Student: 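My structure is below; once you've seen it, I'll send some questions.
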Amino acid sequence: MIELDQLTGVLCKESFYKNAQDILKSTFPADFEILRLNIEKFNIINEIFGEDVGDRLLQAIGKTLQNLAIPSSVSGRLYTDNFVVLYPADEKYRNLILAILKELSVNFLSHYIIQIAYGIYHITDLDLSISRMCDRANLALKSAKGNYLIEYGIYNDELRNKILQEQHIISQMETALKERQFLIWLQPKYNTTNEKIIGSEALVRWCQPDKGLVYPNDFIPIFEQNGFITKLDRYVWEEACRLLAKWRDSGKDILPISINISRIDIYSPDLVEFIAGLVKKYDLKPEWLQLEITESAYTDNAQQIIDVSYKLRQAGFTLLMDDFGSGYSSLNMLNDLPVDILKLDLHFLKSDGQNGRSSNILNSIVRMAQWLDLGIIAEGVEKKEEVDFLRNIGCNVVQGYYYSKPVPVDEYEKMMVPAQKNKELS
Ligand code: C2E
Ligand code: CA
Ligand code: CA
């Protein structure tokens, strides 16, 4: 019994599953792939052009898939704008499908190019149900969605491991926070004129009981997506405050710690109260805590961040614009923004290799900072030549592997001691 999808003429979901299963069972050796497609922002097309245009688009896709001249292939619509095609795993077929759909997406509307996202699962496990195979194609599709640089996503071990790892991270995060598995490490900032530490940046590390140390690039992007970053950041900020209080109580010299504020944090209505509250709770001076806000945050919602920045500044905090030079509208923003220090990542400037422009750019940025009466710190400094060059152009504060990697708190405390001794001696 074959049930066709009324609107588009391809098979409806259950019939597709059944037909695809039959094809896989009756072909030896069965070497097939499933291509899944989904129209980007289909709801917007409905909204702008009307639902009948949306329907006609689905019909056109259905018709295109029905007319594929590929032996042993079958197409179906799972729901709404989600179509699937099963066909023999051969690049020429894959390219054919992509090419005719491309033509359709360009020509269907006269002033609007329809974007279609594709995911492919090359069937390696014939024991899976067709529905699970379509899920895998969907994971591949999602990995490519919104990324116009890649034509389609493909399900492979790498993607599978990435997804499993993400699920693991998400399943563990709340427990990890409760069990205090997140630690702060400190990376010192140096004054290059006397080679002394002037402060540090708190960088989070996750000490997982089974895996050991995990670095932020592996979990921060996931937490930024699912919102957990707000909780983690607040925890990290409080850890930094506890440390400052400990130093004060033990009579140590206090060197400021800078903390990272994620762009999502900016949208918390109680951000300023929270940070000011921490400082009050631990009886700290606000200048001991510096706030690093990444440059790209400034482009998201300019007004919001200007307002928040003014309030934070009023509360006595020093603001650093992190990763300066990596985004776009930074120069414009400098006009309206109350920042104190530009934090320049050499990493973003090193890429131009031989042609020597990067040193001119650096030089100009440092001069601009001086001119605007802003502080400047360079991070990602790895070589002596870089330190010398920066010193020459008037940038005397640096952070980077040349001086020190981020280190555990106790190690940083040992590094702080000589500074204190020096002072006692002088
Ligand atoms: P970031 O804020 O730009 O921090 C600087 C990163 O550069 C750190 O990586 C640091 O270890 C690394 N780095 C420092 N000096 C050098 C160097 O000379 N060469 C090279 N190649 N790298 C250097 P890390 O600790 O892995 O952190 C990566 C990013 O994760 C941070 O970039 C920051 O965006 C984020 N992050 C870390 N901790 C937190 C946190 O508590 N909250 C939030 N929201 N983000 C955090
Ligand atoms: Ca930072
Ligand atoms: Ca940075």
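Counting starts at 1 for both ligands and their atoms, in listed order. This one's a predicted model, so the numbers in the text were calculated from it and none came from an experiment. As a basis for the values below, the full set of heavy atoms in this structure was taken, side chains included, without hydrogen atoms, waters or symmetry mates.
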Student: Answer side chain, backbone, both or neither: which part of I261 comes under 4.0 Å from ligand 1, heavy atoms only.
Tutor: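 For I261, no heavy atom sits under 4.0 Å from ligand 1.
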Student: With a 4.0 Å cut-off, would you call K281 and E238 a salt bridge?
Tutor: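 Salt bridge: yes.
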Student: Could you tell me, atom by atom, which parts of ligand 1 come under 4.0 Å of a heavy atom of Q187?
Tutor: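 Within the 4.0 Å cut-off of Q187, ligand 1 contributes 10 (C), 14 (C), 15 (N).
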Student: So which bit of D322 gets within less than 4.0 Å of ligand 1, heavy atoms only: side chain, backbone, both or neither?
Tutor: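 D322 to ligand 1: side-chain contact only, backbone stays beyond 4.0 Å.
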Student: In terms of atom number and element, which parts of ligand 1 are under 4.0 angstrom from non-hydrogen atoms of E379?
Tutor: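 Those qualifying, in numeric order: 3 (O), 5 (C).
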Student: As a check for students: among N217, D265, V236, identify the option with a heavy atom nearest to atom 41 (O) of ligand 1.
Tutor: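 When every heavy atom of N217, D265, V236 is considered, V236 comes closest to atom 41 (O) of ligand 1.
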Student: Can a side-chain donor-acceptor contact be found between E91 and N95 if the only test is distance below 3.5 angstrom?
Tutor: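 N95 vs E91: no donor-acceptor pair found between side chains.
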Student: Heavy atom of E224 under 4.0 Å from ligand 1?
Tutor: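 Heavy atoms of E224 never come under 4.0 Å of ligand 1.
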Student: Output yes when K189 and E379 qualify as a salt bridge under the 4.0 Å nitrogen-oxygen rule, no when they do not.
Tutor: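 Salt bridge flag = no for E379 with K189.
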Student: Side chain or backbone of K405 under 4.0 Å from ligand 1, or both, or neither, by non-hydrogen atoms?
Tutor: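 No part of K405 comes within reach of ligand 1.
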Student: So is K343 close enough to ligand 1, meaning a heavy atom under 4.0 angstrom away?
Tutor: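 No heavy atom of K343 comes that close to ligand 1.
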Student: Is the shortest distance from a Lys or Arg side-chain nitrogen in R180 or E239 to a carboxylate oxygen in the other one below 4.0 Å?
Tutor: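 Yes, this pair counts.
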Student: Under a 4.0 angstrom heavy-atom cut-off, which atoms of ligand 1 come close to E201?
Tutor: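 That gives atoms 2 (O), 4 (O) of ligand 1.
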Student: Do D388 and R391 meet the salt-bridge criterion of a basic N to acidic O distance under 4.0 Å?
Tutor: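 Result for this pair is yes, salt bridge flagged.
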Student: Using a strict 4.0 Å cut-off to heavy atoms of P406, name the atoms of ligand 1 that fall inside it.
Tutor: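 The atoms of ligand 1 under 4.0 Å from a heavy atom of P406 are 11 (O).
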Student: Give a yes-or-no answer on whether the side chains of Y87 and E33 include a donor-acceptor pair shorter than 3.5 Å.
Tutor: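 Y87 vs E33: donor-acceptor pair found between side chains.
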Student: I want to check something: taking the side chain as every heavy atom from C-beta on, are H122 and D31 in contact at a cut-off of under 4.5 Å?
Tutor: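 With C-beta onward as the side chain, the pair touches.
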Student: Hydrogens and angles aside, do N260 and E201 bring a side-chain donor and acceptor to less than 3.5 Å of each other?
Tutor: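 A donor-acceptor contact under 3.5 Å links the two side chains.
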Student: Decide if atom CG of D373 counts as having more than 12 heavy atoms of other residues, nucleotides or ligands within a radius under 6.0 Å.
Tutor: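 Atom CG in D373 is not crowded, with 12 or fewer foreign heavy atoms closer than 6.0 Å.
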Student: Can the positive tip of K405 be found less than 6.0 Å from the middle of the six-membered ring of Y401, inside 45° of the ring normal?
Tutor: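 Geometry flag: set, cation within 6.0 Å and 45°.
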Student: Short list, please: which atoms of ligand 1 are under 4.0 Å from a heavy atom of S262?
Tutor: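 Reading through ligand 1 atom by atom, the close ones are 44 (N).
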Student: Is there an N/O/S atom in S258 that lies less than 3.0 Å from the Ca ion (ligand 2)?
Tutor: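 So S258 does not bind the Ca ion (ligand 2) by this criterion.
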Student: May I ask you to identify, for V381, whether its side chain, its backbone, both or neither come under 4.0 Å of ligand 1 on a heavy-atom basis?
Tutor: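 V381 to ligand 1: backbone contact only, side chain stays beyond 4.0 Å.
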Student: I need the atoms of ligand 1 closer than 4.0 Å to a non-hydrogen atom of I229, numbered in the order shown.
Tutor: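 That gives atoms 44 (N) of ligand 1.
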Student: Could you list the atoms of ligand 1 found under 4.0 angstrom from a heavy atom of E382?
Tutor: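 Numbered from 1, ligand 1 contributes 17 (C), 18 (O), 19 (N), 20 (C), 21 (N).
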Student: Report the part of I259 in contact with ligand 1, treating N, CA, C, O as backbone and CB onward as side chain, heavy atoms under 4.0 Å; options are side chain, backbone, both, neither.
Tutor: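 Neither part.
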Student: Hey, which protein N/O/S atoms does the Ca ion (ligand 3) have under 3.0 Å?
Tutor: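 Sorted hits: D322 OD1, D323 OD1, E379 OE2.
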Student: Does a donor on one side chain and an acceptor on the other come within less than 3.5 Å for R36 and Y121?
Tutor: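 Per modelled atom types, R36 and Y121 side chains form no pair under 3.5 Å.
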Student: Considering only NZ, NE, NH1 and NH2 on the basic side and carboxylate oxygens on the acidic side, decide whether D265 and R234 come within less than 4.0 Å.
Tutor: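 Salt bridge: no.
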Student: Consider only side-chain N and O atoms of Q187 and S200, and report whether a donor and an acceptor are under 3.5 Å apart.
Tutor: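 The criterion, which ignores hydrogens and geometry beyond distance, is not satisfied for S200 and Q187.
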Student: Which ligand 1 atoms are under 4.0 Å away from a heavy-atom of D323?
Tutor: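 That gives atoms 3 (O) of ligand 1.
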Student: Do N396 and T193 pair up side chain to side chain, a donor and an acceptor below 3.5 Å, judged on atom types alone?
Tutor: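 No, because no side-chain N or O of N396 sits under 3.5 Å from a partner of the opposite role on T193.
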Student: Which part of D233 is near ligand 1, with near meaning a heavy atom under 4.0 Å away: side chain, backbone, both or neither?
Tutor: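 Looking at D233 and ligand 1, just side chain atoms fall under 4.0 Å.
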Student: Out of P221, G400, P216, indicate the one that has the non-hydrogen atom closest to atom 27 (O) of ligand 1.
Tutor: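 Ranked by closest heavy atom to atom 27 (O) of ligand 1, first place is P216.
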